[in-house]
Each structure stands twice: as C-alpha cells, then as structure tokens.
Amino acid sequence: NAGVMQNPRHLVRRRGQEARLRCSPMKGHSHVYWYRQLPEEGLKFMVYLQKENIIDESGMPKERFSAEFPKEGPSILRIQQVVRGDSAAYFCASSPRLKIQETQYFGPGTRLLVL
Amino acid sequence: GQQLNQSPQSMFIQEGEDVSMNCTSSSIFNTWLWYKQDPGEGPVLLIALYKAGELTSNGRLTAQFGITRKDSFLNISASIPSDVGIYFCAGLNNDMRFGAGTRLTVKP
C-alpha cells in the first residue's frame with residue numbers, strides 16, 4: 001500500500017521558468033492538499049482539491065500559481081515565472097473521500113530552488 | 001486567522017529524559033494532530049486526537065486533547081537518539097493549521 005508520492009524530490013529552476021510539481025495520493029484517497037514550508041517554519045496551507053474540483057484555494061497566491069487534480073493522473077501544482085521567493089519545500093497530503101476533517105497523510109515533498 | 005503557538009521552539013535533552021511540548025490556540029479545533037518531520041522528509045503522523053479530554057498513546061508518545069479544545073500536549077518518555085527531529089502540532093477544522101514546530105535534539 002504505497003503512501004503519497006511526489007516528484008520530483010528536488011527541482012532547480014531559473015527565475016522566469018515554470019515549475020511543475022506532481023502528487024499521487026494514497027490508494028483510495030480522493031482529497032489532495034498542497035502546503036508550502038519555508039526553512040525553520042511550519043507548513044502553510046495552499047489549496048485543497050478533489051478529483052476535477054478545486055474546493056479551497058484561499059492559501060494560494062492569486063498570480064502565477066495554479067493547481068489541478070484531473071480525473072486521471074496525479075495532482076499538479078504549477079508555478080509560472082518563478083521568483084527566488086518561491087524557493088521552498090512543497091508538500092502534498094491526501095485523505096480518504098467523504099470526510100473533510102479526515103486525517104491527512106503527507107508525501108516526502110518537492111524542494112524547489114529558484115536561482 | 002487560526003494561529004497556533006507551539007512551544008518550546010527547540011529542546012536539547014539527554015538520552016533517557018522525558019520531553020514535553022505543547023500547542024495553544026485562540027480558536028477551537030475539532031481535531032488535534034501531532035506530526036514528526038525528519039530532515040528532507042515529509043511530516044509523519046504520530047497521534048490523532050478527536051475528542052476534548054482525550055488522552056492517546058503511541059508507544060513512548062502520549063498526547064492529550066485539551067478540555068477547552070484550544071490546546072494539546074505531546075509527551076515523549078525515555079527519549080532515544082532516533083527521536084531527533086521536528087515535531088509539529090496541527091489543528092483541524094475544515095482546513096489544517098500547523099504550529100511552527102519544536103526542534104528536538106537528543107544527546108546520547
């Protein structure tokens with residue numbers, strides 16, 4: 001029973017490029033959450049998705065950031081025209097269907113470095 | 001917003017000692033969670049608490065959901081070197097809020 005999978009584990013981009021981060025939830029989980037973690041800080045909520053729907057994107061910057069969770073395939077967090085301030089660890093978590101308040105399980109994260 | 005205050009920020013202890021850390025909030029949460037994060041990894045769930053007053057153990061770890069639903073405590077007994085890491089509390093309502101973490105160092 002594989003856990004939450006994220007790839008790539010490390011991503012280096014130059015300013016202005018695009019970053020695509022992928023997340024495959026645990027088997028049987030249809031809720032996906034994305035978080036950002038800066039060094040020495042806790043995780044900050046970005047967006048909550050179910051299959052083909054964005055439920056809550058209140059933590060995601062309005063510009064340059066987008067997220068999707070298609071019917072088939074992984075959830076994608078996309079950052080366009082990256083800037084140095086986007087450098088952080090991005091974690092995906094998943095939870096089973098039906099319950100919003102269900103415990104979330106985290107992937108290993110993608111560490112994004114913007115040069 | 002729902003801010004979580006986690007303390008202490010860091011702890012340096014001797015192997016075998018007990019550890020206590022806590023998390024407080026000005027808001028009520030329906031669920032409290034404790035995670036541990038190792039360097040370069042994602043948070044791993046240690047204990048989930050679903051009911052005010054609940055006391056739950058997981059091996060040497062014990063956590064409590066405060067009666068007011070605004071706080072939670074995590075205790076680690078007889079610490080060992082592999083307990084090193086960052087411990088995060090999280091409060092869950094319709095979304096999840098994290099504390100800033102307690103960084104634990106265990107000296108052998």
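Chain letters run A, B, ... following the sequence lines, proteins first and then strands; every chain starts at 1.
- Screening A/Arg78, A/Arg13, A/Arg64 for a side-chain hydrogen bond (donor to acceptor under 3.5 Å, both in side chains) with A/Glu18, the sole residue that qualifies is A/Arg78.
- Listed options B/Gly101, B/Ala90, B/Ala100 were ranked by heavy-atom pairs under 4.5 angstrom with chain A; first place goes to B/Ala100.
- With a threshold of 4.5 angstrom between heavy atoms, B/Gln6 does not approach chain A through any atom at all.
- Between A/Gln104 and A/Ser94 the shortest side-chain heavy-atom distance does not fall below 4.5 Å.
- Ring pair A/His31/A/Tyr48 is tilted by interplanar angle, where 30° to 60° counts as tilted.
- Contacts between A/Gln6 and chain B at a heavy-atom distance below 4.5 Å are absent for every atom of the residue.
- One hydrophobic cluster, built from ILVMFWY side chains closer than 4.5 Å, cannot hold both B/Phe73 and B/Leu45; they sit in different ones.
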